[in-house]
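This report concerns only the one structure given below.
Since this is a predicted model, take the numbers as computed values, not measurements. Numbers for residues simply follow the sequence, beginning at 1.
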Amino acid sequence: GSSLAKASAAWESFFAQQLLAFIAPDIAWDAFEGIMMQVDDDGWLDGEVLPSRKAQTAWILYAHSGDRARLEKVYPPISRYLRWREKNPRWIYLDHDNPHQRDSNFVDSLLLDLEFAIRIGETLGEATEEWRAMAARVKESYVRWFFPEHREYPVQYYYEDTGEHHAGHATWVCSGLYIDGLPEPADTALLRLFRSMYDPDRDLAGLDFCKHPIASMIVHGLLRRGLTAEAEGYMQAIVRDVIRSGRFSENYSFNPLRSWGVEDSMFGAATMIEFTLLRNGIRMDRGLPETVSSMKAEGERR
């Protein structure tokens with residue numbers, strides 16, 4: 001967590017606030033503001049730098065509370081952060097701080113957040129051209145950095161100083177399935193990577209790793225493509241294995257199946273909540289709950 005909120009990791013805490021908005025939106029706002037008011041003039045939030053979703057969280061809190069004044073209050077630090085993030089799409093923690101590193105999940109998470117920055121700007125009557133132009137630039141960079149022609153699958157890491165690509169974690173790369181409007185070769189490559197691992201009869205549906213923000217983006221990417229059966233199979237396997245692990249953890253992996261990282265963690269609980277709702281035809285990641293008719297139909301068939 002940041003220096004004035006060390007107990008609140010600026011990633012997991014935002015998912016907790018999104019869920020808390022259902023029952024105690026004022027408290028959720030207080031917690032969110034407590035973190036966001038620490039964003040400095042350059043857009044930096046001290047502490048571990050993670051691909052957190054600040055604009056999405058603000059929008060969900062606003063959707064549940066209707067509190068325009070608080071949305072206006074957090075929009076400036078969100079804006080500063082998004083500008084900083086475009087220049088720094090990478091993990092920073094302790095002595096890990098390579099300014100040349102580009103991490104695919106930081107980039108696709110930024111694209112997700114820009115969707116909500118546009119919504120916030122439109123709601124507040126602010127110009128949104130900056131966010132639309134940023135989204136176009138970031139999407140172009142995403143394809144250029146992480147889809148090398150000499151590799152079968154997209155990669156997680158690109159280094160601007162050397163031009164090197166490192167495969168990284170395939171599961172992290174699959175969060176890019178969420179992104180809409182990618183060029184066809186890139187979009188197809190992401191789905192091919194997911195399908196190269198996917199097996200609903202295996203632990204974690206064949207993917208070697210599960211972390212809530214990644215798993216959520218994978219599912220919504222599959223649903224966007226109309227791949228309901230694969231989304232359903234993936235969610236069923238993840239819910240099953242979170243239960244089998246016995247912990248609400250930051251991470252899950254297999255061989256053998258285990259939980260690890262921060263324990264207990266909001267990520268494991270958020271996965272259970274979101275996937276249970278989705279399997280019953282309700283999505284909760286865009287503001288107020290929405291019906292996902294294709295998911296409900298699939299559940300009824302089963």
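- Formation of a donor-acceptor pair under 3.5 Å by the Asp113 side chain with backbone atoms of Gln56 is found in this model.
- Tyr157 and Phe146 fall into different hydrophobic clusters, where Ile, Leu, Val, Met, Phe, Trp and Tyr are joined by side-chain heavy atoms under 4.5 Å apart, directly or via other members.
- Contact of the Phe15 side chain with the Arg53 side chain is registered, since non-hydrogen atoms from C-beta on lie closer than 4.5 Å.
- Residues satisfying the side chain to side chain contact (heavy atoms under 4.5 Å, CB included) criterion with Thr57, sequence neighbours excluded, are Phe14, Gln17, Gln18, Phe32, Leu61.
- Side-chain heavy atoms closer than 4.5 Å link hydrophobic residues (I, L, V, M, F, W, Y) into clusters, and following such links, even through other members, never connects Ile23 to Leu288.
- With a 6.0 Å radius and a threshold of 12 heavy atoms from other residues, nucleotides or ligands, Asp41 has its CG atom at or below the threshold.
- Using a 4.5 Å cut-off on side-chain heavy atoms (C-beta onward), Val155 and His166 make no contact.
- The shortest side-chain heavy-atom distance between Val292 and Ile282 does not fall under the 4.5 Å cut-off.
- Considering only residues two or more places apart in sequence or on other chains, Arg283 meets the salt bridge (Lys or Arg N to Asp or Glu O under 4.0 Å) condition with Asp285.
- Annotation: salt bridge (Lys or Arg N to Asp or Glu O under 4.0 Å) contacts of Arg286 (sequence neighbours excluded): Glu290.
- Put simply, the side chain of Arg102 never gets that close to the backbone of Trp145: no donor and acceptor are under 3.5 Å apart.
- Residues passing the side chain to side chain contact (heavy atoms under 4.5 Å, CB included) test with Ala136, sequence neighbours excluded: none.
- Salt bridge absent: Arg258 and Glu263 never bring a charged side-chain N and a carboxylate O closer than 4.0 Å.
- Residue pairs that meet the side chain to side chain donor-acceptor pair (under 3.5 Å) test with at least one member in residues 22-32, sequence neighbours left out, are Trp29-Ser65, Asp30-Arg70.
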Quiz item: After noting the C-alpha distance and the side-chain angles of Glu72 and Arg68, does the key distance pass the salt bridge (Lys or Arg N to Asp or Glu O under 4.0 Å) rule?
Solution: CA-CA 6 Å; Glu72 290 175 342; Arg68 182 186 176 96; 3.3 Å; yes
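- Pairs engaging residues 218-229 under the salt bridge (charged side-chain N to carboxylate O under 4.0 Å, His left out) rule: Asp180-Arg224, Asp187-Arg224, Asp187-Arg225 [sequence neighbours left out].
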Exercise. Could you check Asp42 against Arg83 for salt bridge (Lys or Arg N to Asp or Glu O under 4.0 Å), going step by step and ending with a plain yes or no?
Key: CA-CA 8 Å; Asp42 295 324; Arg83 296 178 189 116; over 6 Å; no
